Trainee: 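Sharing a structure below in structure tokens format, with a few things to ask.
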Amino acid sequence: MRAPAVELRGVEKGYVEAGQRHLLFSGLDWRVEAGQRVALLGQSGSGKSTLLALIGALERPDRGTILLAGRALEAASETERARLRRRRIGFVFQAFNLVPTLTVLENLLLPLDLDGRADAQARERARGLLAAVGLEQRERSYPDRLSGGEQQRVAVARALVGEPELVLADEPTGNLDADSGERVLELLGGLLAERGVTLILATHSARAAAVAQQRVRLERGRLTPEPGPPGSG
């Protein structure tokens with residue numbers, strides 16, 4: 001039986017502010033099956049970004065266990081966690097996080113270059129992804145010559161160039177106008193579905209959540225399933 005893409009067991013996380021500890025969530029249990037597209041809904045401050053950071057091995061929980069494809073993250077060293085992020089997880093953030101001194105193609109290849117995998121096959125894959133997001137003519141452009149929507153489409157391509165098993169998207173349309181956001185969501189959902197990649201999309205937008213098959217709301221430290229739009233699932 002295939003292990004879930006993500007599994008949380010009794011996860012707790014809090015933060016300290018002005019000498020006082022604030023609890024975001026405690027005893028959090030959650031399973032996301034491989035290949036699912038899930039929208040993580042919740043208001044600003046509900047802990048969505050923190051939860052994605054925990055799943056993405058960017059932070060560690062205060063208590064509990066997080067498993068990716070059956071492997072417990074707390075057993076991994078920092079070096080192993082960095083390798084896991086580069087090879088098995090793709091990230092798309094609200095800020096595009098493109099390196100301004102690198103071309104579009106160089107930005108795509110950067111994570112692979114850091115991992116020693118930016119070979120000819122990777123360059124071909126990167127160019128294929130640029131074509132898939134409609135930017136094959138912009139590979140030599142620099143980020144400041146692109147619109148916000150174009151930059152986020154580059155970020156989507158970059159998230160997929162390493163052929164990850166899981167993509168974590170944190171408010172990926174938050175800095176975009178409605179039309180650009182719609183195109184980014186269509187690309188994100190379509191590209192991941194055809195590759196069988198698991199998606200967890202954190203958002204407070206019902207429009208953005210429409211790309212997912214399932215919806216879960218994080219509120220007051222608890223995860224509650226929500227019905228999806230007609231035809232989802």
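Along the sequence shown, residues carry numbers from 1. All values derive from a computational prediction rather than experimental measurement.
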Trainee: Establish whether I89 and L114 are linked, either directly or via other cluster members, by ILVMFWY side-chain heavy-atom contacts under 4.5 Å.
Mentor: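 No, I89 does not connect to L114 through the hydrophobic network.
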Trainee: Would a 4.5 Å heavy-atom cut-off, applied to side chains only, mark L218 and W30 as touching?
Mentor: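 In short, these two side chains do not touch, never coming nearer than 4.5 Å.
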Trainee: Indicate yes or no: at least one non-hydrogen side-chain atom of L223 is less than 4.5 angstrom from one of D29.
Mentor: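 SC-SC contact between L223 and D29 ruled out.
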Trainee: Grab the two heavy atoms, one from R158 and one from F96, that are nearest each other, plus how far apart they are.
Mentor: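 Reported closest heavy-atom pair: NH2-O, 3.0 Å.
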Trainee: Report yes if the side chains of L191 and V133 come closer than 4.5 Å at any heavy-atom pair, otherwise no.
Mentor: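 Yes. Closest side-chain heavy atoms under 4.5 Å.
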Trainee: Could you check if a side-chain atom of L98 sits within less than 4.5 angstrom of a side-chain atom of V104, using non-hydrogen atoms only?
Mentor: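 No, too far: nothing below the 4.5 Å cut-off.
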Trainee: Could you name each residue pair satisfying side-chain hydrogen bond (donor to acceptor under 3.5 Å, both in side chains) that touches residues 193-203, not counting sequence neighbours?
Mentor: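 For residues 193-203, and leaving out neighbouring residues, the side-chain hydrogen bond (donor to acceptor under 3.5 Å, both in side chains) pairs sorted by first residue read E171-T203.
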Trainee: Find out whether E226 and V216 are in side-chain contact, i.e. whether some heavy atom of one side chain is under 4.5 Å from a heavy atom of the other.
Mentor: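 Side chain of E226 against side chain of V216, heavy atoms only: no contact under 4.5 Å found.
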Trainee: With a 4.5 Å cut-off on side-chain heavy-atom distances among I, L, V, M, F, W and Y, is there a chain of contacts connecting V154 to F93?
Mentor: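 They do not share one cluster, since no chain of ILVMFWY contacts under 4.5 Å joins V154 to F93.
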Trainee: Indicate the atoms forming the closest heavy-atom contact of A159 with P164, along with that distance.
Mentor: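 Taking every non-hydrogen atom into account, O-CG, 3.2 Å.
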Trainee: Could you pull out all residues at least two apart from R183 that satisfy side-chain contact (heavy atoms from CB on, under 4.5 Å)?
Mentor: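 side-chain contact (heavy atoms from CB on, under 4.5 Å) list for R183, sorted by chain: R153, L187.
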Trainee: Return all side-chain donor-acceptor pairs below 3.5 angstrom for residues 18-28, not counting sequence neighbours, or 'none' if the list is empty.
Mentor:
unit_1, atom_1, unit_2, atom_2, d
R21, NH2, E12, OE2, 3.4
R21, NH2, D62, OD2, 2.7
S26, OG, E12, OE1, 3.0

Trainee: Do the side chains of R145 and R138 get nearer than 4.5 Å, heavy atoms only?
Mentor: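 Heavy-atom side-chain distance check passes, below 4.5 Å.
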Trainee: Determine yes or no for a side-chain-to-main-chain donor-acceptor pair under 3.5 angstrom, with R37 supplying the side chain and I200 the backbone.
Mentor: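 Checking the backbone N and O of I200 against the side chain of R37, no donor-acceptor pair under 3.5 Å is found.
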Trainee: With rounding to the nearest 0.5 Å, note down the distance linking CG in L112 to CZ in R117.
Mentor: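 It comes to 5.0 Å.
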Trainee: Passes side-chain contact (heavy atoms from CB on, under 4.5 Å), V92 versus L168? Steps please.
Mentor: CA-CA 6 Å; V92 183; L168 302 175; over 6 Å; no
Trainee: Which heavy atom of P61 sits nearest a heavy atom of L54, and at what distance?
Mentor: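 Shortest heavy-atom separation between P61 and L54 comes out as N-CD2, 3.5 Å.
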Trainee: Where is the tightest heavy-atom contact between A202 and K48, given as atom of each residue plus distance?
Mentor: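 So the two residues come closest at CB-CB, 4.0 Å.
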Trainee: Could you tell me the separation between the CZ atom of R85 and the CG atom of L58, rounded to the nearest 0.5 Å?
Mentor: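 Interatomic distance, R85 CZ to L58 CG, rounded to 0.5 Å: 5.0 Å.
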Trainee: Give me the one residue out of L188, V167, L129 that meets side chain to side chain contact (heavy atoms under 4.5 Å, CB included) with V156.
Mentor: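 That would be L188.
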Trainee: Could you tell me the separation between the CZ atom of F91 and the CG atom of L52, rounded to the nearest 0.5 Å?
Mentor: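 CG of L52 is found 9.0 Å from CZ of F91.
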Trainee: Closest heavy-atom contact between G149 and S180?
Mentor: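 Closest approach of G149 to S180: CA-CB, 3.9 Å.
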Trainee: Under the side chain to side chain donor-acceptor pair (under 3.5 Å) test, which residues partner R207, sequence neighbours left out?
Mentor: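 Testing R207 for side chain to side chain donor-acceptor pair (under 3.5 Å), a comparison that skips the adjacent residues, returns E182.
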Trainee: Ion pair present between K13 and E59, side-chain N to carboxylate O less than 4.0 angstrom?
Mentor: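 Judged by the 4.0 Å cut-off on N to carboxylate O distance, K13 and E59 do form a salt bridge.
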Trainee: When rounded to the nearest 0.5 angstrom, what is the spacing between CG in L73 and OG1 in T65?
Mentor: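 It comes to 9.5 Å.
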Trainee: Can you name the residues that form a side chain to side chain donor-acceptor pair (under 3.5 Å) with Q121, not counting sequence neighbours?
Mentor: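 In terms of side chain to side chain donor-acceptor pair (under 3.5 Å), with neighbours along the sequence ignored, Q121 is linked to no residue.
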Trainee: Quick check on the hydrophobic clustering: are L68 and L160 connected, directly or via other members, by side-chain heavy-atom contacts under 4.5 Å?
Mentor: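 No; tracing contacts between hydrophobic side chains, which count when under 4.5 Å, never links both residues.
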Trainee: Assess whether side-chain contact (heavy atoms from CB on, under 4.5 Å) is satisfied between L135 and E150, documenting all intermediate values.
Mentor: CA-CA 8 Å; L135 293 172; E150 288 172 331; 3.9 Å; yes
Trainee: Contact between V6 and V38 at the side-chain level, heavy atoms closer than 4.5 Å - yes or no?
Mentor: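 Result no, sub-4.5 Å side-chain heavy-atom pair not found.
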Trainee: What residues, two or more places apart in sequence or in another chain, satisfy side-chain contact (heavy atoms from CB on, under 4.5 Å) together with A131?
Mentor: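 In terms of side-chain contact (heavy atoms from CB on, under 4.5 Å), with neighbours along the sequence ignored, A131 is linked to E136.
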Trainee: Not counting sequence neighbours, which residues clear salt bridge (charged side-chain N to carboxylate O under 4.0 Å, His left out) with R123? List them please.
Mentor: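 Salt bridge (charged side-chain N to carboxylate O under 4.0 Å, His left out) check on R123 returns nothing, list empty.
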Trainee: Hydrophobic clustering (ILVMFWY, side-chain heavy atoms < 4.5 Å, transitive) - are V161 and L146 grouped together?
Mentor: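 Yes, it is one cluster - the side chains of L146 and V161 are joined through contacts under 4.5 Å.
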Trainee: Is there a path of hydrophobic side-chain contacts, each under 4.5 Å between heavy atoms of I/L/V/M/F/W/Y residues, joining V211 to V184?
Mentor: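 Same cluster: V184 reaches V211 through Ile, Leu, Val, Met, Phe, Trp or Tyr contacts under 4.5 Å.
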Trainee: Do you know the tightest heavy-atom contact between L108 and A157?
Mentor: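 The pair with the smallest heavy-atom distance is CD2-CB, 3.9 Å.
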Trainee: What do the steps show when you test L40 against L201 for side-chain contact (heavy atoms from CB on, under 4.5 Å), and what is the final call?
Mentor: CA-CA 6 Å; L40 177 62; L201 167 70; over 6 Å; no
Trainee: Is the count of non-hydrogen atoms from other residues, nucleotides or ligands lying under 6.0 Å from E124 atom CD greater than 12?
Mentor: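 Incorrect, the count does not exceed 12.
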Trainee: Members other than L41 in its cluster, when Ile, Leu, Val, Met, Phe, Trp, Tyr link by side-chain heavy atoms under 4.5 Å?
Mentor: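 Noted: L41 shares its cluster with no other residue.
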Trainee: Just how far is it from atom CG of L67 to atom CG of L8, taken to the nearest 0.5 Å?
Mentor: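 Taking CG in L67 and CG in L8, the distance rounds to 8.5 Å.
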Trainee: Using side-chain contact (heavy atoms from CB on, under 4.5 Å), reason through L176 and Q152 one step at a time and then give a plain yes or no.
Mentor: CA-CA 9 Å; L176 304 179; Q152 193 63 301; 4.0 Å; yes
Trainee: Is the backbone of D144 close enough, under 3.5 Å, to the side chain of Q151 for a donor and an acceptor to pair up by distance?
Mentor: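 The answer is no, because no donor-acceptor pair under 3.5 Å joins these two groups.
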Trainee: Tell me every residue that passes side chain to side chain donor-acceptor pair (under 3.5 Å) with T50, counting only those two or more places apart in sequence or in another chain.
Mentor: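 By the side chain to side chain donor-acceptor pair (under 3.5 Å) rule, T50 matches no residue at all.
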Trainee: Should the pair E80-R71 be classified as a salt bridge under the 4.0 Å nitrogen-to-oxygen rule?
Mentor: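 Yes.
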Trainee: Is any side-chain N of the basic residue among R60 and E74 closer than 4.0 Å to the acidic one's carboxylate O?
Mentor: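 The answer is no: the pair does not qualify as a salt bridge.
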Trainee: Keeping E7 on the side-chain end and P4 on the backbone end, is there a donor-acceptor pair under 3.5 Å?
Mentor: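 Not at all, since once roles are kept as given, no pair shorter than 3.5 Å links the two residues.
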Trainee: Any side-chain hydrogen bond (donor to acceptor under 3.5 Å, both in side chains) pairs touching residues 94-111, not counting sequence neighbours?
Mentor: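 Checked against side-chain hydrogen bond (donor to acceptor under 3.5 Å, both in side chains) - neighbours excluded - the pairs reaching residues 94-111 are Q94-N175, T103-E106.
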Trainee: Apply salt bridge (charged side-chain N to carboxylate O under 4.0 Å, His left out) to R87 and list each qualifying residue two or more places apart in sequence or on a separate chain.
Mentor: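 Residues passing salt bridge (charged side-chain N to carboxylate O under 4.0 Å, His left out) with R87: D115.
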Trainee: List for me each residue that meets side-chain contact (heavy atoms from CB on, under 4.5 Å) alongside D113, sequence neighbours excluded, and say none if there are none.
Mentor: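 Counting only residues at least two positions away or on another chain, D113 forms a side-chain contact (heavy atoms from CB on, under 4.5 Å) with A118.
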